[in-house]
Amino acid sequence: MTRLLLLSFLLLSATPAGAESVLRIEAPSEPETLDPAKSTGLYEAKVELELFEALVTYDARGAIIPGAAESWDISADGLTYRFHLRPDLKYSNGEPVLAADFVYGMRRLIDPATGSQNGIALAAVDQAAEIEAGKVTDLSRLGASAPDDRTVVIRLWRPSARLIDYALYFVPLRKADIERNPDDWTRPGKLVGNGAYSLGEWVPQSHITLRRNPFYREAAAVKIDEVRYIVAGSPATALKMFRADELDISELPRTEIEWAKANLGAALKAEPEIGIYMVGLNVGAAPMNDPKLRRALALVVDQAVLTQKVVRGDQVPAYGFIAPLLPGYPAVSEAFKDMAMAERIAEARKLYAEAGYGPGNPLKLSVMLAKGRDWDRWALALIGIWHDTLGVEATLDATEWQVYLGRLNHHDFTAAIDDWVTLIQAPSLLDEYRSTSASNELQFKSVAYDQALTDADSAPDLAAEYAAYAKAERLLIDDQAIIPVYHLVTHVLVSPKVQGWIANPADTHRARYLSLAP
């Protein structure tokens, strides 16, 4: 899974002829990890896209295209995929990439000992669920094999409409490297990948530097010599660095969007994404295991007011989970969306009282969020709404990014300001809340929801797939495990020196496709 976590974006800086070109990108935080099996953040995923090339990859417009595999065949029953690797693939150290390395990567992804949150990518693969649950301990039973050095065969237990999308997670890993350095194989000098770039430096809380990989299969087409991800600390600091020509790509504080529109012209890029900002409620623990309390908290949230008056910056009020960017996908909204706010507040107070709370016994609530993100203002407004309408005594609990992710993954929170952004242009974000998903931090469990997701992935056509996904979304929204707030429109500052930047809902602006103006 790749989590929708605040972005970092790519760009180049112009240099004299013959000098190395360096692209300086603002990093929102210190990376959680650069292990593709363990990372859950969008920023981390973008760095990994440069370091590793999966069986499939993205083109400059965010569409999925052949990657390390030049082609694939699908059996008539849809249960067997045979991927054919490109000839002479090499790692960043010049050694050959083998089909067995992709199989090892998939086995490691689903191995419970790895502790991956991304096993959902293998949900339809034969024996994956049994291995992830610990019922099968022999990893060789996973439906992935390498009959020769250039062929990867994946066997499914049911057809999957999204197997090719999920093949973005199927990267080659070198077993010997990981076993030799199990705790730090992703550090400079030890990480060996097959992507357009290799890892040069990693200075904690400062920067990560990637260098062009001369052994990459299309190395001649890579124009940027070095990509440097620089930890700015906050969007406000990043803006100052961009204006001082210390960054080529930078996040923009939402409080400065109108100013940027008036003063920065074409450098400001506004791109709608398939993502959502929301409040996640830990339904697996008290007090959020009470559906009346969850609904009371949701009823009083005025998404339009929060989005237009507090968040601002062209964001879109969200009443469902999936952003309205997919042609043909039926919109799903909270059932009370069109109720008058006075009626919603009255209903909320009734449910709040039935849940055991009131003036003499207010709900005391800690709301977790990550530091260094642009969440604080609307989070403060949100807890103010809860206080003014219901008397909830809520406080914000801001933690460092790695701590925040760890607490989410261990369900160590009651409510959390959260976001999801998908690199896959499909409603597959809903898969994160399958009851068996390791990334289901809300502990949401529904047999009907799980079945709807399985029906979506096994659907014979796009209309049936979208209908099943919409059914699952309705179940999630009606349960009120989440409180949607707004859908994401990303605002990024991109230096005019950069060429090749193409807006796309997947937000996949890889350095591989960028170049410098003459």
Heavy-atom closest contact ([X] atom, [Y] atom, distance):
| X | Y | result |
| --- | --- | --- |
| Tyr449 | Arg434 | CE2-N, 3.8 Å |
| Leu281 | Ala415 | CD2-CB, 3.8 Å |
| Asn504 | His509 | ND2-CE1, 3.7 Å |
| Leu326 | Ile322 | CD1-CG2, 4.1 Å |
| Asp314 | Val489 | O-CG2, 3.4 Å |
| Trp375 | Ala370 | CZ3-N, 3.6 Å |

Below 4.5 Å, heavy atoms only, C-beta onward: do [X] and [Y] meet side chain to side chain?
| X | Y | answer |
| --- | --- | --- |
| Glu30 | Trp401 | no |
| Ile482 | Pro484 | yes |
| Thr395 | Ile383 | no |
| Leu365 | Glu393 | no |
| Ile257 | Arg254 | yes |
| Leu363 | Leu390 | no |
| Leu79 | Pro159 | yes |
| Val392 | Tyr352 | yes |

Would you say the side-chain atoms of [X] pair up with the backbone N or O of [Y], donor to acceptor, closer than 3.5 Å?
| X | Y | value |
| --- | --- | --- |
| Arg474 | Val332 | no |
| Asp419 | Gly275 | no |
| Arg349 | Thr389 | yes |
| Trp386 | Val301 | no |
| Asp461 | Ala464 | yes |
| Asp431 | Leu453 | no |
| Glu473 | Gly320 | no |
| Gln315 | Tyr486 | no |
| Gln303 | Tyr319 | no |
| Thr114 | Arg108 | yes |

Practice prompt. Please step through side chain to side chain contact (heavy atoms under 4.5 Å, CB included) for the pair Glu271 and Val492, ending with a clear verdict.
Written response: CA-CA 8 Å; Glu271 302 182 5; Val492 188; 5.9 Å; no
So, [X] versus [Y]: side-chain donor-acceptor pair below 3.5 Å or not?
| X | Y | answer |
| --- | --- | --- |
| Ser39 | Glu48 | yes |
| Glu432 | Gln117 | no |
| Asp450 | Ser435 | yes |
| Thr255 | Arg377 | no |
| Thr414 | Asn282 | no |

Discussion item. Would you say CZ of Arg141 has more than 12 non-hydrogen atoms from neighbouring residues, nucleotides or ligands within 6.0 angstrom?
Written reply: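 Counting other residues, nucleotides and ligands, CZ of Arg141 stays at 12 neighbours or fewer.
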Going from [atom1] on [X] to [atom2] on [Y], what distance comes out if it is rounded to the nearest 0.5 angstrom?
| X | Y | atom1 | atom2 | value |
| --- | --- | --- | --- | --- |
| Thr436 | Glu132 | OG1 | CD | 6.5 Å |
| Asp457 | Glu465 | CG | CD | 7.0 Å |
| Leu168 | Asn118 | CG | CG | 12.0 Å |
| Leu173 | Thr186 | CG | OG1 | 11.0 Å |
| Phe336 | Asp478 | CZ | CG | 9.0 Å |
| Ser439 | Leu405 | OG | CG | 11.5 Å |

Practice prompt. Begin with the C-alpha distance, continue with both residues' side-chain angles, and end with the deciding distance and a verdict on side chain to side chain contact (heavy atoms under 4.5 Å, CB included) for Glu441 and Asp418.
Written response: CA-CA 11 Å; Glu441 71 268 10; Asp418 200 359; 2.8 Å; yes
Discussion item. For Arg344, give me all partners under side-chain hydrogen bond (donor to acceptor under 3.5 Å, both in side chains), at least two apart in sequence or on another chain.
Written reply: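 Scan of Arg344 (side-chain hydrogen bond (donor to acceptor under 3.5 Å, both in side chains), adjacent residues dropped) gives none.
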N/O donor to acceptor pairs below 3.5 angstrom from side-chain atoms of residues 283-292, sequence neighbours left out:
| unit_1 | atom_1 | unit_2 | atom_2 | d |
| --- | --- | --- | --- | --- |
| Asp290 | OD1 | Lys292 | N | 2.9 |
| Lys292 | NZ | Glu354 | OE1 | 3.2 |

Practice prompt. For side chain to side chain contact (heavy atoms under 4.5 Å, CB included), just list the numbers for Lys371 and Ser29, CA-CA rounded to whole Å, side-chain angles, deciding distance to a tenth of an Å, and then say yes or no.
Written response: CA-CA 9 Å; Lys371 292 180 179 178; Ser29 64; over 6 Å; no
Would you call [X]-[Y] a salt bridge at under 4.0 Å N-O?
| X | Y | answer |
| --- | --- | --- |
| Asp397 | Arg407 | yes |
| Glu347 | Arg295 | no |
| Asp177 | Arg180 | yes |

Discussion item. Set out, in order, the CA-CA distance, both residues' side-chain angles and the distance that settles side chain to side chain contact (heavy atoms under 4.5 Å, CB included) for Met106 and Ile154, then state yes or no.
Written reply: CA-CA 10 Å; Met106 284 184 273; Ile154 299 178; 3.9 Å; yes
Worksheet item: In terms of ring plane angle, is the pair Phe83 and Trp72 parallel, tilted or perpendicular, where the classes change at 30° and 60°?
Response: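 Phe83 vs Trp72 ring planes: tilted.
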Worksheet item: Parallel, tilted or perpendicular for Tyr166 and Tyr169, by the 30°/60° rule?
Response: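 The rings of Tyr166 and Tyr169 sit tilted, inter-plane angle from 30° to 60°.
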Worksheet item: Of the options Asp412, Leu408, Ile417, which is the one that meets Met368 in a side chain to side chain contact (heavy atoms under 4.5 Å, CB included)?
Response: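 It is Leu408; the other options fail the test.
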Discussion item. Is there a ring pair (Phe, Tyr, Trp, His ring centres under 6.0 Å) between Phe170 and Phe102? Walk through the geometry before answering.
Written reply: CA-CA 6 Å; Phe170 304 159; Phe102 288 91; 9.1 Å; no
